[in-house]
Amino acid sequence: MRRRNVGCPCKNEGVYLLVGLAAGDNVAVTALDGTGTPVEQTRLLTGAEFPGFVAARESASPRWVWDDTSRWYPRLLAASVRVRRCHDLRLCHVILRNSELTAHSRLARAPVGPWEGPAPVQADLPTRAALFDLEPEGSVRDVGGGSGSDELSAATPVAEREFRDQLEAVASAADPARLRLLLAAESAGALIAAEMQAAGLPWRSDLHDALLTEALGPRVPAGVKPRRLEDLATRIRTVLADPTLKLDSQQDLLRTLQRSGLEVRSTRAWELRKHSHPVVEPLLEYKKLSRLASANGWAWMDAWIVDGRFHPDYLPGGVVTGRWATRGGGAMQLPKQVRGAVVADRGWKLVVADAAQLEPRILAALAQDTAMATAGRGADLYAGIVASGVVETREQAKGAMLGAMYGATTGEGGRLMPKLARAYPRAIGLTEEAARAGERGDRITTRLGRSSPLPGADWRAAQARAYDSSASAADERLARSRARDWGRFTRNFVVQGSAAEWALCWMAEIRKALWAFGDDPPEAAPSSSAQSLFAHSPHLVFFLHDEVIVHTPTVLAGEVEDIIIRSATEAGRLLFGDFPVDFPLTVTSVDSYAEAL
DNA sequence: CGACCCTGCGCG
DNA sequence: AAAGCGCGCAGGGTCG
């Protein structure tokens, strides 16, 4: 029988459990109540005791508070321990520090401190202290052999104070519920990122290798050009009558192309395609294959595929808008070309889901634009816009929408914008206002409260110069151009950022629902690795802005599809309440990612 | 040699 | 320099 933490007389016990580094490899855990006040003696644990402790306390569903999920969670996963909820102090600090909604808080007005720093590189050393090394109070690691409370490093009090400042900042905000949701979603994202990295995306190296061999010729050692590339290079040199042409040198290539009579200003594929010259076809082929070889070739495979899984390093909050980034491996640029190597295990499926026209739907809801939301009632919002008679074709609808969200001024997108503005004044009005705010140098804030950064000193200086009495026409042009640039950024920020929030909520809901399939992982008998942690039940394995992949036993694929769809609806409700906006998905259960295109 | 910028292209 | 947002990465080239 399992022991459960029920019937504890202390009502607040275990609401928050703050985790910090102590002397040596020890871990200090302090229980805090809803105000961030300690409610019991700090516990000191050895690194070896820590996972078991977490597993035991997890039964009460606390929220684990730590400086950095990517520091603490991988070691728990390695010990087959998962947690339901956490509060990532570093990620949450960045949000609260920059949000307009908490601009008057102590946290936002404090001088630059250790939490302002860039995300520490964790790499494969989960115990490495990075953030706390910056603490002026002293290094954690040189607290050696102390006794009693001396063993508690400065880390725990610092984190405790930070946590209280964060709670206070949220409580003082005009609409604390949104910020609370944002911080919870951001932190859930951090858990998901660590879990996805640990689980990995199923990857068949044999299929990948076959695909490379088919395209490039037999595998060659690093530094040697594959045969197909060598052949193409020879052909191109012959056509251009330049036997010494260095194809990988843009300068060399551009010079030679121009000498051969091609009026190109760059060597970009889209520009080459406009010309009919015998070199175009082999050159485009060369570019395509050399890209494949350098970005996702054998070297990439050796570096990133371990035990049949691709383990990218996700960086939640890595983009200013709140989108994730990745470090190494280029996980967010996986070309469609190689997705055939992403294959479910035997007896398993990949459930691939992506949100259809997410950003315009987010815009419609942000602006409470019921006309646009109505156009999105079906599976295809662009088709809905056409059906409403706003524009002629789907391509026009898409171009005009993207133009509105990105700030197009010319081209078809820019040209059709006025039509869109007449049909959807609220939605288009919101994008225009967001642009004007940026042009003024103001901040703009997403649905849940993430604010855009303020423009830098260069930008302000350029604007100031334009207002000076001695300003030249060039000064004014530059200032206006910079202002418009920043306006396009803020215009897009509010949509992209709010869409990122929707996606976080979507994933968090998916994870929560999938949790029920697990054999109660936190309390299960510890097994040896993270791999086995995800060996029996459906789990998230990939995320790409508006798309997720769940790896699941085949028998559960149908249920997983339902969960993903329901979670999308729930995410919409969390962000926009009862506003009638749909978030339809395309969901398919496939063996290979390539089938899901 | 590393640090940095430029070009080009992959993804949303 | 694709007309308009956000990224990461590779390879060439230049500079110190």
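Proteins come first, then strands; the chains are lettered A, B, ... in the order of their sequence lines, and each starts at number 1.
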Please tell me which of the listed nucleotides, C/dG4, C/dA1, B/dG8, lies nearest to the side chain of A/Arg488?
C/dG4

Once you apply a heavy-atom cut-off of 4.0 Å, does A/Glu271 come out as touching a base, just sugar-phosphate, or nothing?
nothing

Name every residue in residues 397-436 of chain A that has at least one heavy atom under 4.0 Å from any atom of DNA chain B, in order of residue number, or write none if there are no such residues.
none

Sugar-phosphate only, base, or nothing, as touched by A/Ala269 at under 4.0 Å among non-hydrogen atoms:
sugar-phosphate

P spacing across the pair C/dG6 / C/dA2, given as an integer number of angstrom
15 Å

Whether A/Thr588 side chain and A/Val590 backbone form a donor-acceptor pair below 3.5 Å
no

For the side chain of A/Gln250 and the base of C/dG12, is some donor closer than 3.5 Å to an acceptor across the two?
no

For A/Arg255, does its backbone N or O pair with a side-chain atom of A/Gln258 as donor and acceptor, under 3.5 Å?
no

Between A/Trp459 and A/Trp486, how do the two ring planes meet: parallel, tilted or perpendicular, split at 30° and 60°?
tilted

Describe the nucleic acid contact of A/Ser290 in one word from base, sugar-phosphate, nothing, applying a heavy-atom distance below 4.0 Å.
nothing

How far, in whole Å, is C/dA1 from B/dT7 if one measures between their C1' atoms?
12 Å

Any side-chain heavy-atom pair of A/Arg227 and A/Pro218 under 4.5 Å
yes

Can you tell me whether the side chain of A/Arg323 and the base of B/dG12 have a donor-acceptor pair closer than 3.5 Å?
yes

Let me know the distance between CD of A/Gln333 and C1' of B/dC9, rounded to the nearest Å.
9 Å

Between atom CG of A/Leu247 and atom OG of A/Ser290, what is the distance when rounded to the nearest 0.5 Å?
8.5 Å

Heavy-atom nearest nucleotide on DNA chain C taken for A/His545 and for A/Trp270; more 5' hit belongs to A/Trp270

Say we look at C/dG4 and B/dG2: how far apart would their C1' atoms be, to the nearest angstrom?
36 Å

Take the protein atom NZ of A/Lys287 and the nucleotide atom C1' of C/dG12, then report the distance between them rounded to whole Å.
13 Å

Under 3.5 Å, is there any donor-acceptor pair linking the side chain of A/Arg291 to the base of B/dC9?
yes

Whenever both distances are under 3.5 Å in a Watson-Crick or G-U wobble pair, mark it; put DNA chain C into dot-bracket that way, with [ ] for crossing pairs and | when the partner is on another strand.
....||||||||||||

